[in-house]
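Written below as structure tokens is the structure these notes are about.
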2 protein chains.
Amino acid sequence: MDNQLATTLFESLSSSIRLDVFRLLVKNAPSGLVAGEIATSLALPATNLSFHLKAMTNAGLINVTQEGRYQRYRANLSVMQALVDYLTAECCTAHPESCCDN
Amino acid sequence: MDNQLATTLFESLSSSIRLDVFRLLVKNAPSGLVAGEIATSLALPATNLSFHLKAMTNAGLINVTQEGRYQRYRANLSVMQALVDYLTAECCTAHPESCCDN
DNA sequence: TCAATATTTCAAGAATCGTTGTACTATTGC
DNA sequence: GCAATAGTACAACGATTCTTGAAATATTGA
């Protein structure tokens with residue numbers, strides 16, 4: 001996890017639409033959801049959702065697999081775990097006594 | 001930590017300048033740095049840095065205290081810890097077996 | 001093959017964000 | 001008080017990002 005990837009992931013989580021999408025996919029792990037189910041669930045126009053799904057996929061935050069005419073999206077949980085580890089390191093490395101245990 | 005605050009914090013960390021500022025302040029915790037020291041350290045124009053510091057302060061990611069004519073900025077480590085906890089919950093609550101321990 | 005369905009791509013405009021220079025406020029030391 | 005210093009506020013512009021409708025692509029089922 002380098003700074004540039006972290007920045008990209010934060011950017012990916014910095015829109016409420018994308019955060020909602022990610023949370024929905026976490027809730028529906030590990031089976032994931034197809035694009036139409038996400039759109040219905042979050043009441044989003046297909047084009048707008050597609051725009052955000054593409055951004056999140058490019059960032060590596062979610063994965064997509066084709067299922068016939070459907071696209072199934074899944075949260076990339078290991079990337080999220082790596083981000084948590086990165087943040088913990090950012091937060092605690094220098095001065096553990098002033099952060100981790102409060 | 002609600003979704004809106006999380007979104008705001010991610011937005012705050014989604015620029016490489018702001019991420020660099022935060023990392024610098026973590027490295028210099030708990031004493032913090034005054035604005036001029038940050039500007040020198042990151043080679044940023046004062047106005048641009050001020051713009052980002054204001055955004056980060058509004059988001060609650062950093063704190064500021066006045067010291068005479070200086071403004072001293074410190075990383076808000078407990079907010080960062082709360083964000084890590086939020087992300088961990090987002091990542092692991094639904095299906096711990098598929099995330100936390102890999 | 002053909003119509004229906006699922007999703008993406010593209011283009012255009014709206015909205016937001018980032019950067020910079022200039023001006024302003026506040027504090028310090030003489 | 002006055003000049004110097006630290007930092008912020010404001011305004012303008014450029015650059016991104018967001019949103020939407022229309023068109024394109026691909027798959028399915030009849």
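All values reported here derive from a predicted model rather than from experimental measurement.
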Any side-chain N or O of B/Y70 less than 4.0 Å from the OP1 or OP2 oxygen of D/dT8?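 For B/Y70, the contact criterion (side-chain N or O under 4.0 Å from OP1 or OP2 of D/dT8) is not met.
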Can you find a side chain N or O atom of A/Y73 that sits less than 4.0 Å from OP1 or OP2 on C/dT8?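 Checking C/dT8 against A/Y73, a side-chain N or O does come within under 4.0 Å of OP1 or OP2.
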Nearest-nucleotide 5' precedence on DNA chain D, A/Q66 against B/A35: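 Between the two, 5'-proximity favours B/A35.
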Tell me which of A/R18 and A/G68 sits closer to the 5' end of DNA chain D, going by the nucleotide each one is nearest to.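 Looking at the nearest nucleotide for each, A/R18 comes out on the 5' side.
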Polar side-chain atom of [X] near backbone of [Y] as donor-acceptor pair, under 3.5 Å:
| X | Y | value |
| --- | --- | --- |
| A/N48 | A/L44 | no |
| A/R74 | A/V64 | no |
| B/S15 | B/S12 | no |

Whole Å only: how far is the [atom1] atom of [X] from the [atom2] atom of [N]?
| X | N | atom1 | atom2 | answer |
| --- | --- | --- | --- | --- |
| B/E37 | D/dA6 | CD | C1' | 12 Å |
| B/L49 | D/dT8 | CG | P | 7 Å |
| B/E67 | C/dA26 | CD | C1' | 15 Å |
| B/L53 | D/dG7 | CG | P | 10 Å |
| A/I62 | C/dT7 | CD1 | P | 13 Å |
| B/E11 | D/dC18 | CD | C1' | 14 Å |

Checking all strands, does [X] fall into the base, sugar-phosphate, or nothing category for heavy-atom contacts under 4.0 angstrom?
| X | result |
| --- | --- |
| B/I17 | sugar-phosphate |
| A/A46 | base |
| B/R72 | nothing |

How about B/T57 and B/Q71: do any of their side-chain heavy atoms sit closer than 4.5 Å?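 A side-chain contact under 4.5 Å is absent here.
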From [options], nucleotide with atom closest to [X] side chain:
| X | options | value |
| --- | --- | --- |
| A/N48 | C/dT19, D/dT19, D/dT8 | D/dT19 |
| B/K54 | C/dT8, D/dA9, D/dC18 | D/dA9 |
| A/T47 | C/dT27, D/dT20, D/dA26 | D/dT20 |
| A/R69 | D/dT8, C/dA4, D/dT19 | C/dA4 |
| A/H52 | C/dT27, D/dT19, C/dT8 | D/dT19 |
| B/Q71 | D/dT8, C/dT19, C/dA6 | D/dT8 |
| B/F51 | C/dT8, D/dT20, C/dG18 | C/dG18 |

Relative to each other, are the rings of B/Y86 and B/F10 parallel, tilted or perpendicular (30° and 60° limits)?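 The arrangement is tilted - the two ring planes meet at 30° to 60°.
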